[in-house]
Number of protein chains: 2
Amino acid sequence: MRIGELAERAGTTAKTLRFYEEQGLLPPAERTPSGYRDYAPETAARIDFVHRGQAAGLTLAQIRQILDIRDDGAAPCEHVRDLLDARLAEIEQQIAQLAALRDTITELRRDAAHPEPATCSPDQVCRYL
Amino acid sequence: MRIGELAERAGTTAKTLRFYEEQGLLPPAERTPSGYRDYAPETAARIDFVHRGQAAGLTLAQIRQILDIRDDGAAPCEHVRDLLDARLAEIEQQIAQLAALRDTITELRRDAAHPEPATCSPDQVCRYL
DNA sequence: CTGGACCTTCCAGTGCAGGGGAAGGTCAAG
DNA sequence: CTTGACCTTCCCCTGCACTGGAAGGTCCAG
């Protein structure tokens, strides 16, 4: 299978697959005599895994770590668990920060509900911010 | 006042102030005969405004829009209100997406609580993801 | 008159996940 | 034999807000 066909099957682009190979997410592809990349159909499953990892909010570097462990012949379960835990903690923190920001902006917005341009000195640029 | 002193007063770096000037957040500074930037003390208030805008989650480009309106002699109140509304909507959406992602990962994590490597086929790389 | 602190410009890189496009090779159909 | 779709490598660009560093100029104290 050539790169374009694989890309379409996996719901991505040829450009992205070359990028994944360069990043070590896909092993260097076999080549046809003329130099075209030639993929086994199973490669699509690996790309699907990359997509599942992305859907779980993992970076390509983290997904690569999992694939490397698997390629070494080991089961990556524990590492996956650690990554999920770390990602979860990050997300909780991000949510907390966004919630705080939302509260801040909500308050600013309430103050700015009835703008009175005359009371805004140019020095402060905008008294609602 | 030279750039280093202004930077320290405003809690930032000389590098950043040059960058702000380049981005149009600060007007081109006056120059001493030898070419050094020479700032009026009021410039610090403008930098403070930039910081308040950032604290409200606005991008430098958005903050620049507000400053441009003010520099045109108008009061930017309404534009500020629109920006805050837009930012608020973005934040709500980001929070919702993160919450959904958190739920997804929480579920994955629960499934992976007691990893059974033997049941993970190398084909799927990791059955918990 | 020398050292060091400060300033100038310009170029380049950071992290993330690719995208755009040039210049050229390959392959099958018409 | 040519056209067009596909492939190859290569390098640069995107957004965001800076940051680092090189090469050189300025200013003040000792």
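Predicted, not measured: the structure shown is a model, and the values here were computed from it.
- Residue A:Gly4 is the one, among A:Gly4 and B:Tyr36, whose nearest nucleotide of DNA chain D lies closer to the 5' end (criterion: closest heavy atom).
- Per the geometry, CZ belonging to A:Arg87 stands 13 Å off C1' belonging to C:dC16, to the nearest Å.
- Around atom CD of A:Glu8, no more than 12 heavy atoms belonging to other residues, nucleotides or ligands sit under 6.0 Å away.
- Nucleotide C:dG19 holds its P atom 13 Å from the CD atom of A:Gln23, rounded to whole Å.
- Rounded to whole Å, the distance from CZ on A:Arg2 to C1' on C:dT26 is 9 Å.
- At a threshold of 4.0 Å, the pair B:Glu21-B:Arg18 does not count as salt-bridged, since none of the basic side-chain nitrogens sits closer than that to a carboxylate oxygen.
- A sub-4.0 Å separation between OP1 or OP2 of D:dT26 and a side-chain N or O of B:Thr32 is absent.
- Checking each of A:Thr106, A:Ile105, A:Leu98, A:Thr104 against A:Arg102 for a side chain to side chain contact (heavy atoms under 4.5 Å, CB included) leaves exactly one that passes, namely A:Thr106.
- Straight-line distance from the CE atom of B:Met1 to the P atom of C:dC6: 16 Å, rounded to whole Å.
- Distance A:Ile3 CD1 to C:dG19 P: 12 Å, rounded to the nearest Å.
- Atom pair A:Arg64:CZ and C:dA17:P shows a separation of 13 Å (rounding to whole Å applied).
- Between B:Asp85 and A:Arg109 there is a salt bridge, since at least one side-chain N of the basic residue sits less than 4.0 Å from a carboxylate O of the acidic one.
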Contact letters for nucleotides 9-18 of chain D, in which S counts primed atoms plus P, OP1 and OP2 and B counts the base, heavy atoms under 4.0 Å: B-------BB
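- Between B:Arg64 atom CZ and B:Leu58 atom CG the span is 15.5 Å, to the nearest 0.5 Å.
- Summarising the geometry, the separation between CD on B:Glu22 and P on C:dT8 is reported as 13 Å, rounded to the nearest angstrom.
- If you take NE2 of A:His51 and P of C:dG18, they are 7 Å apart, rounded to a whole angstrom.
- Taking the charged nitrogens against the carboxylate oxygens, A:Asp71 and A:Arg46 do have a contact shorter than 4.0 Å, which makes a salt bridge.
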